[in-house]
*Asks:* 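Pasting a structure below so you can have a look.
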Amino acid sequence: MKPDKHLLLLFAALILSAVSQHFYVGQYRREMRTDQTASRELAQKQAGAYLQSLSETQPIHEEHDKDGHEDDHVASHTHSADKTHDHTEECEHDHEHEHHLTADATGTISACSSRTCSDGHHKHDHTCRHKHAAASDTAKVVKPVALDVSGVPGNQLEIGKKPPASMPFSLCTNPNCKSHEHADHDHENGHDAHEHAHSHDHASQDPSITPGFVLLLRELGFAQLAANLLWIQMDADSHRGLWHRVEVALELIPALDPTFIDAYLLRSFLLDEYMKKHDEALQILENAVKQVPNRIELWQQIGIFCLNHSGRHGPKRRLERALEAFNMMFRFYDPPPQTTRLIAVTLTAMERREEAIAILQKSADAADRPPDQQQIDREMIGRIRSGEKF
Amino acid sequence: MFSRIRLIMWDTFLDVARHKMLVVHLVFVCIAIGLFNLFGHFSTTPSLEYRMIQDVGLSIISLFGFLIALFIGSTTLRDDIQRKTIYAILTLPMGRWELYTGKFLGTLLAAVVNVLIMLGILTGLLYIKFGIIWAGFQWVALFMLLEFAIMTGMVLLFSLTNSLIVCFSLSIFCVLLGNMAEHVKHLAFEADIPLLSFATDVVYWLVPNFGYFNIKYKILKDLAVSPSFAMWAIGYAGCYLFFLLVAGSWALNKKDL
């Protein structure tokens, strides 16, 4: 019986495709540096650890209630480098920020952005007045804050001090959201004397993304789409006070898309700022930087965490690591202008003042340095020379 | 031989372009433009807004690409059979394999052009809004094209079945399986049933592993693709397309026409 040539060719083609698949898969794993079994086991371990930690920890609401914040200013406006405040009316209270590093001088190397800091360092003085309008206006009134953490989602959120139990804080990222506006009130009576109009209409929208849907998307090859949808869901959940879901979403997003740095940053921010799990927050950033070493925001945030000025990020200071992280920022193209000062502050905290001054001096003398940055550098040199503790 | 194949290929491509492509593009453009405003909600973090538009835009292209592959692949040859125009072609002095190869290349070309246009639209809009051009655009385009080329070839092969429902079902099943191949293999291995493991292995080598082509997000975020890796990918896709082509030609040869 004569064999069918077509059929033989078909078998040959099948074998050829199987062989090429074998080699391609091998090359793929080398290129991606992935060991399927190992990564699967790691994912299982992480999932197990996460479930265990869930059963051990208290709900976020309870932890938050214990914090005993003083201020009723539950602001959930979004800030960016361009739009610092979304108040449209005159908000007549002066934010006398006691920034961790700004102290009483020029605020040149604040480790926390004035727009975002929400811890006990802020004191609102309702007798003075200024208008929140735009970043440029704010910069004139509030002392210049050199560290721009606008790329850090957690730092873009002005988060209230003493939020209601049902909504400890809001993560609204909508610049056009009008529902956060203050009700008309006399600021002289303080914020305790009135109710803020913070009614969200987000609650009426319920973009429920079920785990099954996320899983389906992931299996169809749309893991990134699933991660983005989860982020949108998380945003909506935060408005509705569903913090358990926010936590799960922030845990899931990096599992779907390890490059989604906003999820790492926001989760570490929440853990650090509200749950006071400082070590865990730092660990998240350290894990993130292993996954995505090419994002400057992560290095900056690690540096700030480790520098830990004024003990905002827990009792420990890891100055060596902070210095390492800030130095990493210099490896990036066009690092932010405050990088030099961050390094100098870290060195000063390590009592290596001469080195810090030398670095700042070199930076201040650089011809390509903008004049305002040179000025801030010189002021910082003065502060270091004065023996100020950082 | 080549001129005949080229003729059929070009005719197939023009036929597809005349009927379906422009409408799909229009829909995609509308969605893409809508996307740019939709994520204005996250505009306070430009990097977040950018990545959302980019990710969702690419996902839509993938989805549309699959749908285009499904509709083009399932109708081109099938329409000829249904309308009986294929009989006129078969009377010409040409082999059935030449006809199939022409149709195969024509549908492939249509799918490729479609995806390229959609990628171009998304890239252009991203550039207009953010002033950023994708660094690894050529690699993203390459891997997406390889993925859709295999999908189209597969659908064309399944379109030789008698029922459109069977064609659609098989195509969707294979795409799903192709994306989940690694997981299915792992589950079968864990189940510890030898026969199931063997069957899964056979399917694993038969079905194209789309998961290994779906690396566009990695390319855009943190992966530098080496040319040798790209060559391996092209090699695998080429071999699989050859297998699909031979299988389709064989099936058309055996078909009672």
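Throughout, a chain's letter reflects where its sequence line sits, starting with A, and its residues are numbered from 1. Everything quoted here is computed from the prediction, not taken from an experiment.
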*Asks:* Do Val25(A) and Arg29(A) make a side-chain contact, defined as non-hydrogen atoms from C-beta onward lying under 4.5 Å apart?
*Replies:* yes

*Asks:* In terms of heavy-atom pairs under 4.5 Å, which option from Pro208(B), Gly178(B), Ala233(B) contacts chain A the most?
*Replies:*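 It is Ala233(B).
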
*Asks:* Check the orientation of Tyr236(B) and Phe213(B). Use parallel for under 30°, tilted for 30 to 60°, and perpendicular for over 60°.
*Replies:* parallel

*Asks:* Chain A heavy atoms under 4.5 Å from Leu63(B): which part of the residue, side chain, backbone, both or neither?
*Replies:*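 The answer is both parts of Leu63(B).
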
*Asks:* What option among Val19(A), Leu16(A), Leu14(A), Leu7(A) has the most heavy-atom pairs under 4.5 Å with chain B?
*Replies:* Leu14(A)

*Asks:* Can you tell which part of Tyr204(B) gets under 4.5 Å to a heavy atom of chain A, answering side chain, backbone, both or neither?
*Replies:* both

*Asks:* Can we call the ring centroids of Phe148(B) and Phe210(B) under 6.0 Å apart?
*Replies:* no

*Asks:* Would you say Gln300(A) and Pro336(A) make side-chain contact, with heavy atoms under 4.5 Å?
*Replies:*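 Yes, side chains in contact.
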
*Asks:* Taking it one step at a time, do Phe143(B) and Tyr212(B) satisfy ring pair (Phe, Tyr, Trp, His ring centres under 6.0 Å)?
*Replies:* CA-CA 9 Å; Phe143(B) 278 88; Tyr212(B) 290 116; over 10 Å; no

*Asks:* Where on Ile15(A) is there a heavy atom nearer than 4.5 Å to chain B: the side chain, the backbone, both, or neither?
*Replies:* neither

